[in-house]
Amino acid sequence: MARAPVRPIPDDHTIIRYVSPARLRRDGDNNVVGVLPAAFSLRPNEAYLSAGWLDFYTGTRSERFAAAVNDYDASPLVVRETGGFAVGNVATIKAAGIRFGQAFRIVNEPKPKLDSYVAVRRYSSDELDLLALLADEAWADCISVAACRTAAPQ
Amino acid sequence: MTGTAVAPYAGGAPNPTFDFAKKWGIWDHILSPAGPALSQTAMGAAVPQALFVRSLNRQRQKQLAWRTVANDPLASRLAGRLFELKTLTAQFAMHLESEWRAGLFAQLDYLMCEENWEAVDPIPAPESYRTALRLIILLGHVKRPGLGFDIEGNIVLAWTEGADRLTIECRPNDVVRWIVSYTVDGERDSAAGKTKVARLPTVLAAFEPARWLALQ
């Protein structure tokens with residue numbers, strides 16, 4: 001079976017990264033106020049940062065979020081209702097990398113049942129300042145998984 | 001042998017740890033339908049495997065009780081560790097106001113449950129939590145932080161005032177990684193570093209930490 005083509009994501013497009021409940025930024029009363037820098041850490045066995053291509057889908061913004069969550073549900077990847085998605089613009093994320101000498105390669109690498117899968121390659125999470133820049137500015141918008149479902153077809 | 005709600009050490013001598021777990025309300029969780037299965041020990045007693053229960057009772061504080069859970073399910077491991085962290089907190093209780101501590105426990109309860117925990121993440125380390133408690137006590141009466149965990153299971157303390165943020169990753173042996181980000185004249189500035197708990201107040205002093213830490 002032929003492999004799905006790998007293609008770069010346009011700079012003006014939006015990508016999303018699933019953030020587990022433990023890596024959402026909270027206030028002292030447990031309200032979610034963003035994402036933690038640790039949300040952008042690579043695990044020891046990860047060669048790239050995984051994400052999703054929001055603009056792969058069509059429709060309104062909320063419809064695109066709903067479609068993305070539906071695809072995640074059908075794929076082997078697990079997204080929890082209490083988790084969230086960090087939302088960022090490709091050009092802004094690349095610019096953050098450049099500030100730390102990293103030229104990210106952000107590409108669509110379709111996976112089984114998840115055609116919108118994105119890999120952020122040439123990415124190193126060793127720089128704590130970079131993780132903070134992503135979490136606090138470049139990739140800082142956050143939407144809960146539950147909120148993404150509001151536009152999901154019943 | 002699959003689990004049914006039978007008392008541990010069935011038919012044997014009274015088990016103080018079982019009584020303790022019942023008292024503190026964790027035994028029902030251990031033996032819940034979704035909980036662990038049971039297996040036979042060399043003593044012939046049905047006990048769950050690999051659940052670590054430390055007694056809060058002062059007289060037994062240094063006694064460690066190991067229970068075995070055949071499948072070692074995530075929920076039981078989290079419950080055991082949560083209990084251990086709360087027990088550790090009790091050692092510092094005199095320094096923490098009850099309401100403050102209750103809010104801390106509520107966050108731990110929320111994050112350390114099967115529904116909110118990623119199975120691939122390591123269970124939070126008591127050594128990291130101990131560092132966090134020592135830091136909180138060193139900082140004095142401060143606003144309660146938001147909690148999180150990094151991919152290594154270290155606890156993360158987060159204080160947020162709009163775009164101004166202080167984040168501290170607590171590692172074992174009093175080591176902390178800190179990050180501050182704030183806005184000056186419309187420009188974002190940030191700094192990060194690694195130090196020991198005792199040095200952190202001095203290191204953060206240049207960033208006017210009261211903006212994050214001061215109680216309202």
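Chain letters run A, B, ... following the sequence lines, proteins first, then strands; residues in each count from 1.
- Contact count against chain A (heavy-atom pairs under 4.5 Å) is highest for B:G146 among B:G146, B:A191, B:G148, B:A106.
- Only the backbone of B:L147 comes within contact range of chain A, with heavy atoms under 4.5 Å apart.
- Interface residue A:D136: backbone and side-chain heavy atoms are both found under 4.5 Å from chain B.
- If you measure heavy-atom distances from B:I151 to chain A, the contacts under 4.5 Å come from both the backbone and the side chain.
- At least one donor-acceptor pair under 3.5 Å links the side chain of A:R17 to the backbone N or O of A:A39.
- The side-chain heavy atoms of A:L77 and A:K111, taken from C-beta on, include no pair separated by under 4.5 Å.
- In this structure, A:Y18 and A:F85 have perpendicular ring planes: the angle between them is above 60°, well past the 30° mark.
- In this structure, the side chain to side chain contact (heavy atoms under 4.5 Å, CB included) partners of B:E208, at least two apart in sequence or on a different chain, are B:R211.
- Ion pairing between a basic and an acidic side chain is recognised when a charged N comes within 4.0 Å of a carboxylate O; A:E109 and A:R121 show such pairing.
- Heavy-atom pairs under 4.5 Å with chain B were tallied for A:L131, A:V32, A:T82, A:D29; the largest tally goes to A:T82.
- Heavy atoms of B:A163 lying under 4.5 Å from chain A are absent altogether.
- Heavy atoms closer than 4.5 Å to chain B are found in both the backbone and the side chain of A:R43.
- Proximity to chain A (any heavy atom under 4.5 Å) is shown, for B:V120, by both the backbone and the side chain.
- B:E169 has no carboxylate O lying under 4.0 Å from a charged side-chain N of B:K194, or vice versa, which leaves the two without a salt bridge.
- If you tally non-hydrogen atom pairs under 4.5 Å between each of A:L36, A:L24, A:L128, A:V33 and chain B, the highest count goes to A:L128.
- Of the listed residues (A:R26, A:R25, A:R23), the one with the most heavy-atom contacts under 4.5 Å to chain B is A:R25.
- For chain A, the option among B:D121, B:L157, B:D150 with the highest count of heavy-atom pairs below 4.5 Å is B:D121.
- Ring geometry for A:Y123 versus A:F104: interplanar angle of 30 to 60°, hence tilted.
- Proximity to chain A is absent for every atom of B:W100, based on heavy atoms less than 4.5 angstrom apart.
- Between B:W117 and B:F149, the ring planes are perpendicular. Angles over 60° get that label, and only those under 30° would be called parallel.
- Look at B:R81 and B:E84 and you find a salt bridge, because one of the NZ, NE, NH1 or NH2 atoms lies within 4.0 Å of a carboxylate O, short of that distance.
- In this structure, the portion of A:L42 lying under 4.5 Å from any heavy atom of chain B is its backbone and not its side chain.
- Your options are A:A22, A:A38, A:A132, and the one with the most heavy-atom pairs under 4.5 Å with chain B is A:A22.
- Looking at every heavy atom in both residues, B:W159 comes nearest to B:W212 through CD1-O, 3.5 Å.
- At a 4.5 Å heavy-atom cutoff, B:E152 makes no contact with chain A through either its backbone or its side chain.
- Using a 4.5 Å cut-off between heavy atoms, A:A140 does not touch chain B at all.
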